[in-house]
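Notes follow the structure.
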There are 2 protein chains.
Amino acid sequence: MSKRITIKQIAAALHVSISTVSKALNDSYEISEETKKKIQDYAKEHKYKPNTLALSLQNKKTKTIGILLPNILTYYYARVLRGIEEVTTEKGYNIITCITNESYKKEVDTMEMLSNGTIDGFIACISEETLKIGNFDHFKNILEDGTPIVLYDRVHAEINCDKVVTDNIKSAYKATRFLMRSECKNIALISTSEGLDIGKFRVDGYLKALRKYDVIPNEDLIIRYNDEENLKDAINKMLDENKVDGIFTIDEISGAITTQVLNKRNIKIPQEISIIGFTNGILSRYSTPPLTSVNRFAHTTGKVAAKRLIDKIEEKIPFDDIVTEIIKTKLVERDSTKKMFIKF
Amino acid sequence: MSKRITIKQIAAALHVSISTVSKALNDSYEISEETKKKIQDYAKEHKYKPNTLALSLQNKKTKTIGILLPNILTYYYARVLRGIEEVTTEKGYNIITCITNESYKKEVDTMEMLSNGTIDGFIACISEETLKIGNFDHFKNILEDGTPIVLYDRVHAEINCDKVVTDNIKSAYKATRFLMRSECKNIALISTSEGLDIGKFRVDGYLKALRKYDVIPNEDLIIRYNDEENLKDAINKMLDENKVDGIFTIDEISGAITTQVLNKRNIKIPQEISIIGFTNGILSRYSTPPLTSVNRFAHTTGKVAAKRLIDKIEEKIPFDDIVTEIIKTKLVERDSTKKMFIKF
DNA sequence: AATCTTTTAGAAAACGTTATAGTAATAAAT
DNA sequence: ATTTATTACTATAACGTTTTCTAAAAGATT
């Protein structure tokens with residue numbers, strides 16, 4: 001237990017002033033080579049490390065970014081984090097990661113807590129509860145203080161800042177169209193009942209594709225669920241009562257559960273029913289059969305968000321130059337859809 | 001862009017000294033009710049928030065903990081993080097999360113960077129590369145400085161600090177025994193070839209169980225792999241050349257891949273071959289069939305580690321009171337193993 | 001009226017650092 | 001011989017806060 005040494009202690013030990021030490025350690029021309037060497041050697045020997053806190057207080061920059069994740073157990077967010085992390089590390093920034101766990105209070109508290117000089121900016125995804133409540137004052141206040149924020153994935157028009165989002169409508173449109181082109185006539189949709197815009201956009205994309213090809217949407221084929229147990233029952237019921245030959249699931253878990261249900265009913269995928277999932281994570285990759293999925297570039301999303309924020313922090317971009325970056329998706333074809341195509 | 005207000009500005013605005021403001025805001029008895037109210041009102045009105053950096057510099061405590069994750073994409077670590085996060089939040093600590101991505105250099109750099117007053121302690125899982133290289137000086141140095149560390153999951157005897165680990169040998173032993181009790185005679189093992197102790201322990205447990213019940217281990221039934229593609233081939237080869245009726249996989253991905261291979265070969269799980277996986281994450285839960293798995297309590301691991309560290313930081317436990325907590329596992333029975341049992 | 005307490009406030013030091021301004025002593029230029 | 005530069009260093013303020021010590025005024029006690 002030797003505790004870190006400070007500049008002051010070095011100064012005392014070598015009978016020089018603290019300014020001399022500071023300058024010597026920063027290799028200033030004002031200090032003679034001889035003295036510099038003496039000080040630097042001593043510092044090295046005693047493993048001197050400048051106190052980051054003191055530096056930050058001086059510079060008014062902490063080189064730290066606050067990250068808000070709604071949920072770390074969702075593979076997608078873990079991958080976004082990874083993307084962020086890659087860029088921040090490269091640029092010499094630390095990140096403080098906070099998981100809001102979809103709670104409004106946790107989100108407000110966290111941002112409150114960090115916006116006191118601890119961080120230079122935020123990268124955040126709005127929690128489900130916050131979106132439901134519709135109060136975004138905590139974001140607005142922070143922006144007003146001059147702290148930059150980049151929102152990703154789940155955003156809101158009321159918050160006037162940079163955003164990085166997935167191309168939800170178009171992706172859902174394309175996935176649905178893909179199913180139709182591969183001979184599916186009766187395409188079901190599995191969605192969550194939660195009122196997230198993201199979900200709505202994906203439903204919109206699905207409906208848009210149906211309409212485009214003159215298919216009348218059938219409400220019986222659209223399932224909106226709250227919890228997983230309900231979902232299995234709902235799918236079974238739907239399959240009992242309807243002819244279905246294609247299913248588009250709006251998130252990864254839905255895709256996994258749907259696959260389990262079909263397998264249990266011994267329905268051949270994709271011969272009898274095709275499935276396309278959203279978000280291409282490990283579940284899609286490792287399920288039986290591996291699922292054709294809308295691949296979202298989580299990693300890219302993280303990187304783009306981090307780059308944008310750091311540019312803002314370092315004032316390479318003016319504070320009120322606001323953009324929304326749209327990250328395209330890509331349909332990854334695997335074994336849960338048919339290979340034959342109808343050309344429209 | 002109004003930028004945060006400081007004590008100094010309040011003092012100037014109200015024509016009092018900064019000490020008066022500080023005391024008023026801390027509700028000191030030394031300040032008259034009248035002055036206090038005036039100052040507090042002003043502070044509230046201007047949304048005054050104390051600068052955390054300045055406070056930390058004063059108190060020599062940052063209320064921040066550094067977390068090292070080898071890899072965030074592994075569901076297990078994400079869950080550990082969640083456990084840590086829960087405790088730290090409750091106790092008013094922030095966490096700085098860093099992903100070493102299994103790199104020695106990244107691990108050293110990160111710890112170096114954070115151990116300059118930024119954090120009060122570390123919760124870390126040693127990276128694969130570090131374990132391979134076998135140099136733990138960065139941990140030792142930090143401990144010497146009087147900064148507490150709690151290691152979780154992957155630990156090393158050379159590092160003398162608190163540890164929280166999974167009961168690997170026993171868990172593997174029990175899983176293997178479970179397979180034997182459910183009539184499996186030829187039990188294969190899927191392991192990674194990387195030289196992690198954790199893997200070794202699990203293999204040891206497997207071997208121990210076999211020996212205990214007088215089964216002679218068959219090297220042909222033990223697969224050690226590096227990359228996923230190899231693994232599929234290796235499993236197929238093994239199944240071609242050997243009679244196998246049970247498989248114990250040492251991690252979640254191996255379990256998922258094994259399941260895919262068996263499904264592709266149309267082998268009935270568990271009627272023809274039973275599978276038990278290690279680490280009970282989403283893959284095990286959502287695969288077809290859902291896998292019987294050794295459930296590791298990632299969440300508990302995180303919580304225990306965080307509690308221990310905070311107790312150390314707050315000096316409720318002396319610095320050199322070192323313990324290793326062993327987190328038990330629990331076999332979760334699902335559909336990949338048979339229900340019938342032989343009692344030994 | 002003189003002294004002692006209490007109340008209220010402010011000054012100054014401290015946390016660890018950097019940056020600016022200043023001060024010697026010596027060397028160079030006039 | 002005097003002024004000017006140069007070299008090598010030190011003092012001080014600053015970042016935003018808390019804390020300890022000091023001081024003045026008001027009130028209480030004799």
Side-chain angles (χ1 to χ4, degrees), chain A residues 3-40 42-43 46-64 113-120 145-147, chain B residues 3-40 42-43 46-64 113-120 145-147:
Chain A
K3 286 285 171 198
R4 294 238 108 84
I5 194 176
T6 70
I7 269 191
K8 205 180 270 186
Q9 288 167 37
I10 300 181
L14 301 180
H15 307 293
V16 292
S17 77
I18 55 170
S19 358
T20 307
V21 176
S22 172
K23 285 178 181 164
L25 293 174
N26 289 302
D27 218 15
S28 158
Y29 68 95
E30 289 180 74
I31 308 297
S32 70
E33 287 305 324
E34 191 193 359
T35 321
K36 259 196 237 177
K37 185 161 183 347
K38 186 177 67 176
I39 293 174
Q40 287 167 357
Y42 187 92
H46 291 77
K47 294 185 191 153
Y48 168 77
K49 303 243 191 66
N51 181 308
T52 320
L53 247 37
L55 285 178
S56 300
L57 190 57
Q58 271 276 26
N59 307 333
K60 313 271 261 160
K61 287 276 177 214
T62 63
K63 284 231 143 196
T64 302
M113 162 163 286
L114 294 181
S115 61
N116 308 138
T118 314
I119 51 101
D120 294 342
D145 287 341
T147 303
Chain B
K3 286 284 171 198
R4 292 239 109 84
I5 194 175
T6 70
I7 270 192
K8 205 180 271 188
Q9 288 167 37
I10 300 181
L14 301 180
H15 308 292
V16 292
S17 77
I18 55 169
S19 1
T20 306
V21 176
S22 172
K23 286 175 185 168
L25 293 174
N26 289 302
D27 218 14
S28 158
Y29 68 96
E30 289 181 74
I31 308 297
S32 71
E33 288 306 322
E34 192 192 1
T35 324
K36 258 195 237 177
K37 182 156 184 354
K38 187 177 65 177
I39 293 174
Q40 286 167 358
Y42 188 93
H46 291 78
K47 294 187 191 152
Y48 168 76
K49 304 242 192 66
N51 180 308
T52 320
L53 247 39
L55 285 178
S56 299
L57 190 57
Q58 271 276 27
N59 306 334
K60 313 271 260 162
K61 286 276 177 215
T62 62
K63 286 232 142 195
T64 303
M113 161 163 287
L114 294 181
S115 61
N116 309 137
T118 315
I119 52 100
D120 295 340
D145 287 340
T147 303

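Keep in mind it's a predicted model, so treat the numbers as computed, not measured. Lettering follows sequence order; numbering is per chain, from 1.
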*Describe the nucleic acid contact of B/Lys49 in one word from base, sugar-phosphate, nothing, applying a heavy-atom distance below 4.0 Å.*
sugar-phosphate
Filtered N/O pairs between nucleotides 10-14 of chain D and protein, under 3.5 Å:
| from | atom 1 | to | atom 2 | distance (Å) |
| --- | --- | --- | --- | --- |
| D/dT10 | OP2 | A/Ser17 | N | 3.0 |
| D/dT10 | OP2 | A/Ser17 | OG | 3.2 |
| D/dT10 | OP2 | A/Thr20 | OG1 | 2.1 |
| D/dT10 | O4 | A/Lys23 | NZ | 2.6 |
| D/dA11 | N7 | A/Ser19 | OG | 2.9 |
| D/dA11 | N6 | A/Ser19 | OG | 3.3 |

*For residues 6-16 of chain B, which residue pairs qualify under side chain to side chain donor-acceptor pair (under 3.5 Å), counting only residues two or more places apart or in two chains?*
none
*Check ring pair (Phe, Tyr, Trp, His ring centres under 6.0 Å) between A/Tyr48 and all other residues, then give those that pass, not counting sequence neighbours.*
none
*Please list, chain by chain and in numerical order, all residues satisfying side-chain contact (heavy atoms from CB on, under 4.5 Å) with B/Thr52, sequence neighbours excluded.*
A/Asn116, A/Thr118, B/Ser56
*Look at all strands and tell whether B/Asn26 reaches a base, only sugar-phosphate, or nothing, counting heavy atoms closer than 4.0 Å.*
sugar-phosphate
*Position toward the 5' end of DNA chain C (nearest nucleotide), B/Lys60 or B/Glu33*: B/Glu33
*asked:* Categorize A/Ser22 for me: base, sugar-phosphate, or nothing, with a 4.0 angstrom heavy-atom threshold over every strand shown.
replied: base
*Residues forming a side-chain hydrogen bond (donor to acceptor under 3.5 Å, both in side chains) with A/Thr64, sequence neighbours excluded*: none
*asked:* Is there a side-chain contact between B/Leu53 and B/Leu57 in this structure, where contact means two heavy atoms from C-beta onward sitting under 4.5 Å apart?
replied: no
_Minimum side-chain heavy-atom gap A/Lys36-A/Asp27 below 4.5 Å_ = yes
_Residues which pass salt bridge (Lys or Arg N to Asp or Glu O under 4.0 Å) with A/Glu34, listed by chain and number, not counting sequence neighbours_ = none
_Quick check for you: name the first and last nucleotides of DNA chain C, 5' to 3', having an atom under 4.0 Å from a heavy atom of chain A._
C/dC15 to C/dA21
_Contacts of type salt bridge (Lys or Arg N to Asp or Glu O under 4.0 Å), residue B/Lys63, not counting sequence neighbours_ = none
*Contact class for B/Thr35 vs. all strands (heavy atom < 4.0 Å): base, sugar-phosphate, or nothing?*
sugar-phosphate
*Taking atom P of D/dT7 as reference, at what distance in whole Å does atom OH of A/Tyr29 sit?*
10 Å
*List for me each residue that meets side-chain contact (heavy atoms from CB on, under 4.5 Å) alongside A/Asn59, sequence neighbours excluded, and say none if there are none.*
A/Leu55, A/Lys61
_Sugar-phosphate, base or nothing in reach of A/Lys61, heavy atoms under 4.0 Å_ = nothing
*B/Leu55 has an atom CG; how far is it from atom P of D/dC15, in whole Å?*
16 Å
_My understanding is that only residues two or more places apart in sequence, or in another chain, count here; which of them pass side-chain contact (heavy atoms from CB on, under 4.5 Å) with A/Glu30?_
A/Lys23, A/Ser28
*Please round to 10 degrees the angle between the axis of the first five pairs and the axis of the last five pairs in the helix from C/dA1-D/dT30 to C/dT30-D/dA1.*
70°
*For B/Lys49, which residues count as a salt bridge (Lys or Arg N to Asp or Glu O under 4.0 Å) partner, sequence neighbours excluded?*
A/Glu112
*What integer distance in Å separates A/Leu57:CG from D/dG16:C1'?*
6 Å
